[in-house]
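Computed over heavy atoms, backbone and side chain alike; hydrogens, waters and symmetry mates excluded. Throughout, protein chains are lettered first and strands after them, A, B, ... in sequence-line order, and every chain is numbered starting at 1. Remember, it's a predicted structure, so these values are computed and weren't measured experimentally.
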Protein chains: 2
Amino acid sequence: MPRAFAAGDDELVEAERLIRDRMSGLDLDLLSLAAVSNVFRTATAVRNHMERNVLKPHSLSWSAFVVLFVLHIWGAKESRELAAEAGISGGTLTGVLDTLERKALVVRQPVPTDRRRVGVVITDAGTSVVEEVMPAFNREEAQVTGGLTVEETATLARLLRTVLRTAEDLGPR
Amino acid sequence: MPRAFAAGDDELVEAERLIRDRMSGLDLDLLSLAAVSNVFRTATAVRNHMERNVLKPHSLSWSAFVVLFVLHIWGAKESRELAAEAGISGGTLTGVLDTLERKALVVRQPVPTDRRRVGVVITDAGTSVVEEVMPAFNREEAQVTGGLTVEETATLARLLRTVLRTAEDLGPR
DNA sequence: ACACTACTATTTGGGGCCAAACGATTCATT
DNA sequence: AATGAATCGTTTGGCCCCAAATAGTAGTGT
């Protein structure tokens with residue numbers, strides 16, 4: 001929803017004219033600005049849409065669903081890997097797991113061989129939730145990409161993967 | 001960073017095989033799943049990169065910077081529009097403005113004609129920050145899109161804009 | 001055995017985020 | 001003028017988020 005960096009491809013909207021004017025002295029790469037901005041704008045819009053229409057009815061946060069999804073795919077995971085897989089920090093995962101465990105969608109299990117580590121297992125209730133939410137989720141995904149052809153959708157995924165790799169390889173530095 | 005929905009175009013990674021297996025009964029549209037997932041993954045990775053390498057040195061949050069940027073472009077804005085432009089809720093903006101005002105980067109001003117409304121003006125210090133951060137920000141944007149040709153970058157922006165429009169038009173329902 | 005180092009999940013502190021409730025103000029109808 | 005609805009920014013409550021500090025555990029070398 002942020003209109004801040006609004007920028008299409010051909011159509012030059014008022015916002016971008018303004019940006020160009022106000023930033024003229026700064027010698028910016030407006031093309032990459034538009035692309036990256038649209039990544040954020042799109043992600044925000046789609047995520048809001050998903051949270052409101054799919055997740056909220058189940059009282060699930062985004063991260064909670066991702067964690068549940070990962071567990072459903074992989075069966076069980078230890079905290080450490082789970083956080084990496086879900087793309088959140090360890091400290092955040094602790095809170096998310098607290099919430100999920102309170103709802104009995106997930107269970108923490110001590111690892112016998114190493115008392116530092118904690119295993120996480122999805123419960124039957126948790127599995128039910130994923131299997132109920134996932135199709136609805138995917139239905140919305142198909143909706144939001146409905147304006148693209150199949151080829152365009154594939155292209156979009158490919159181009160994004162390239163950017164993703166670059167960003168990850170760039171690292172924190 | 002979330003590897004959860006990892007999915008490229010041609011290369012079938014382990015994660016997607018697993019997803020296909022575990023979700024085979026659910027009849028999912030894996031193409032739109034891959035595209036949408038990559039939007040999130042890319043947004044998260046790039047945003048993390050930006051926050052760590054560009055924003056954090058200035059002790060700025062993502063939203064704080066967007067708000068500052070909007071104000072720099074438009075000069076001054078009222079709360080209501082500012083929130084819409086920055087893509088955050090009114091309640092969130094209140095907090096962000098508190099933070100920005102505490103740092104003297106922004107000032108709240110009463111609107112004479114309507115005592116419900118509040119105008120927000122960027123200070124000289126705030127302007128300096130934007131003009132200092134923006135080029136660095138854009139440099140990183142150019143970096144992360146460095147793996148794409150100019151045509152591909154433009155295509156990416158265009159495809160995303162289509163998805164963005166669709167998602168916004170879909171609305172909350 | 002002992003210290004040292006490295007790793008684990010958790011806690012802490014400071015924000016950010018939203019929806020819903022709230023109080024103040026304005027507008028519309030009467 | 002007065003009442004009622006609409007609109008504004010803020011507050012509240014609950015969750016998410018991270019980085020840094022912490023406590024507990026395991027491994028390593030001496």
Side-chain angles (χ1 to χ4, degrees), chain A residues 1-2 40 43-45 47-53 55-68 77-84 86-103 105-120 172, chain B residues 1-2 40 43-45 47-53 55-68 77-84 86-103 105-120 172:
Chain A
M1 288 189 179
F40 294 128
T44 302
R47 179 170 169 153
N48 283 345
H49 181 77
M50 294 298 187
E51 285 180 337
R52 274 198 261 274
N53 295 296
L55 264 24
K56 186 165 183 193
H58 293 267
S59 300
L60 278 180
S61 77
W62 181 269
S63 290
F65 173 66
V66 173
V67 166
L68 229 42
K77 276 264 179 212
E78 294 192 11
S79 245
R80 203 172 59 279
E81 318 164 271
L82 194 48
I88 59 182
S89 73
T92 299
L93 181 63
T94 296
V96 172
L97 286 183
D98 288 346
T99 302
L100 285 175
E101 210 169 21
R102 193 167 357 104
K103 294 187 187 181
L105 302 180
V106 132
V107 174
R108 271 188 255 232
Q109 281 183 345
V111 174
T113 68
D114 188 339
R115 289 194 297 183
R116 289 173 302 183
R117 295 189 279 174
V118 173
V120 183
Chain B
M1 288 189 178
F40 294 127
T44 301
R47 180 170 170 152
N48 283 344
H49 180 78
M50 294 298 189
E51 286 180 337
R52 275 198 262 275
N53 295 295
L55 266 22
K56 186 166 183 193
H58 293 267
S59 300
L60 278 179
S61 76
W62 179 269
S63 290
F65 173 66
V66 172
V67 166
L68 228 41
K77 275 260 179 216
E78 293 191 13
S79 246
R80 201 171 62 280
E81 318 165 271
L82 194 49
I88 59 182
S89 72
T92 299
L93 181 62
T94 295
V96 172
L97 287 183
D98 288 345
T99 302
L100 285 175
E101 210 169 21
R102 193 166 359 103
K103 294 188 187 180
L105 302 180
V106 132
V107 175
R108 272 187 255 233
Q109 280 182 345
V111 174
T113 67
D114 188 339
R115 289 191 298 182
R116 288 171 304 181
R117 297 189 277 174
V118 173
V120 183

- Distance check: side-chain N/O of A/Ser61 vs OP1/OP2 of D/dC16, anything under 4.0 Å? yes
- Which nucleotide in the list D/dC8, D/dC17, C/dC18 gets nearest to the side chain of A/Ile88? D/dC17
- Query: Under 4.0 angstrom, heavy atoms only, what part of the nucleic acid is A/Ser79 near: base, sugar-phosphate, or nothing?
  - Reply: sugar-phosphate
- When A/Ala64 and B/Asp98 are each assigned the nearest nucleotide of DNA chain D, the 5'-most assignment goes to B/Asp98
- Item | Any A/Arg52 side-chain nitrogen or oxygen under 4.0 Å from OP1 or OP2 of C/dA19 | yes
- Message: From C-beta outward on A/Arg108, which listed nucleotide comes closest to its side chain: D/dC8, C/dT10, D/dG24?
- Response: C/dT10
- Item | Proximity to the side chain of A/Lys56 - top-ranked nucleotide from D/dC8, C/dA19, D/dC16 | C/dA19
- Message: So, does B/Arg47 get its side chain near the phosphate of C/dG16, meaning an N or O under 4.0 Å from OP1 or OP2?
- Response: no
- With distance as the sole criterion, do the side chain of B/Arg80 and the base of D/dC8 form a donor-acceptor contact below 3.5 Å? no
- N/O (side chain, A/Arg115) to phosphate O (OP1/OP2, D/dG27) under 4.0 Å: no
- For A/Thr94 and C/dT10, is the shortest distance between a side-chain N/O and OP1 or OP2 below 4.0 Å? yes
- Note on the structure: Separation between CG (B/Asp114) and CD (B/Glu78), nearest 0.5 Å, reads 8.0 Å
- Message: If you assign A/Ser63 and B/Gly90 each to the DNA chain D nucleotide with the nearest heavy atom, which residue ends up on the more 5' nucleotide?
- Response: B/Gly90
